[in-house]
Amino acid sequence: MHRVEIVQLLVSAVHRFEGRPSDGAPALSEAELVTTAQVRAGLGIVGDRYFNRPAHRNASITLMAAERFPEGLAAGADLRLTRRNVLLRGVNIDAYVGATVSLDCGTGPVVLAVRRAARPCAWMDTTLGPGAQRALRDRGGVRCRPLSDGTLTVGPAEFAVVQPAPAED
């Protein structure tokens, strides 16, 4: 276990990035940034656009590391711009694909199966700036399936690897 920080939490009831990136960025609501998020096993974050959506159950929560933002984009480390749910500081979450991890904000661990990379899309060039999509390749965060109920809160948290990723041949 080691100490990390949950920098931001985003719970968005709607998918904001629709249409074409060339049309410009949509209005982004401050209200989507929350201080606490309720997680339900197998379902996701209560109130989020991917909560209890069958197509997203294996990837209903996205985590991203603030340190992984490329030089020059770090000032834009805002979940409203990347559409990830949890912005962490203190762990390279991209390195844990295939592992099971936990985040404990003091009310008990939230256990997450880190399923796959969260691939950056063309919207990143619109919201963060030109070249962001390419710069965030392999560092755009991860998509997770929640394995336990719990609460995530902005602030300090304990990060632990519950089960490492299987070794590659």
Side-chain angles (χ1 to χ4, degrees), residues 4-66 68-69 73 76-89 91 93-94 96-103 105 107-129 132-133 135-155 157 159:
V4 298
E5 178 187 5
I6 296 178
V7 179
Q8 284 184 329
L9 292 168
L10 179 104
V11 179
S12 179
V14 296
H15 186 76
R16 293 257 183 252
F17 296 158
E18 296 179 321
R20 298 173 193 258
S22 61
D23 296 337
L28 302 172
S29 173
E30 284 283 334
E32 293 176 337
L33 292 176
V34 298
T35 57
T36 301
Q38 297 299 315
V39 175
R40 296 291 173 257
L43 301 175
I45 296 176
V46 176
D48 191 67
R49 64 200 178 281
Y50 294 131
F51 183 78
N52 197 24
R53 300 274 188 222
H56 295 281
R57 286 204 182 124
N58 281 329
S60 60
I61 298 177
T62 52
L63 285 72
M64 187 172 201
R68 301 283 289 164
F69 272 82
L73 295 178
D78 182 329
L79 293 177
R80 293 175 305 144
L81 303 176
T82 63
R83 306 309 291 166
R84 306 304 192 244
N85 298 113
V86 182
L87 184 63
L88 297 170
R89 181 171 287 123
V91 62
I93 195 65
D94 296 295
Y96 290 94
V97 172
T100 300
V101 302
S102 72
L103 284 168
C105 299
T107 57
V110 174
V111 180
L112 304 164
V114 183
R115 305 293 292 202
R116 64 181 184 263
R119 304 279 183 226
C121 67
W123 278 103
M124 299 291 179
D125 287 344
T126 301
T127 60
L128 290 170
Q133 179 184 12
L136 287 169
R137 193 172 295 143
D138 298 322
R139 56 190 328 157
V142 294
R143 299 190 73 186
C144 303
R145 176 182 177 89
L147 301 178
S148 68
D149 291 352
T151 303
L152 296 175
T153 305
V154 170
F159 175 85

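The salt bridge (Lys or Arg N to Asp or Glu O under 4.0 Å) search around Arg53 returns none, not counting sequence neighbours. For Arg116, there are no side chain to side chain donor-acceptor pair (under 3.5 Å) partners two or more places apart in sequence or in a different chain. Legend: residues meeting side chain to side chain donor-acceptor pair (under 3.5 Å) with Asp149, ordered by chain and number and at least two apart, are absent. Among residues two or more places apart in sequence or in another chain, the side-chain contact (heavy atoms from CB on, under 4.5 Å) test is passed with Arg115 by Asn58, Ala113, Arg145. When the ring-ring contact (aromatic ring centres under 6.0 Å, His included) test is applied to Phe51, no partner is found at least two apart in sequence or on another chain.
When all heavy atoms are compared, the tightest approach of Val7 to Arg89 is CG2-NH1, 3.6 Å. Listed here is the closest heavy atom pair of Arg57 and Leu43: NE-CD2, 4.1 Å.
Looking only at side-chain heavy atoms (C-beta outward), Asp94 and Val142 come within less than 4.5 Å of each other. For the pair Ile6 and Leu88, the minimum side-chain heavy-atom distance is below 4.5 Å. Taking 4.5 Å as the limit, every side-chain heavy atom of Leu112 sits out of range of all side-chain heavy atoms of Leu147. Side-chain contact between His56 and Arg143: present, with at least one pair of heavy atoms (C-beta onward) separated by less than 4.5 Å.
For the side chain to side chain contact (heavy atoms under 4.5 Å, CB included) test with Cys105, the passing option among Val154, Leu152, Val110 is Leu152; the others fail.
If you take SG on Cys144 and CG on Leu103, they are separated by 8.5 Å, rounding to the nearest 0.5 Å. Going from atom CG of Asp48 over to atom OG of Ser12 covers 6.5 Å, rounded to the nearest 0.5 Å.
Sequence neighbours left out, the pairs with a member in residues 36-45 that pass side chain to side chain donor-acceptor pair (under 3.5 Å) are Gln38-Thr151.
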Anything under 3.5 Å between a donor and an acceptor, one on a side chain of residues 59-66, the other on a protein residue two or more places apart or in another chain? List them.
| residue | atom | partner | partner atom | Å |
| --- | --- | --- | --- | --- |
| Thr62 | OG1 | Asn85 | N | 2.9 |
| Thr62 | OG1 | Asn85 | OD1 | 3.2 |

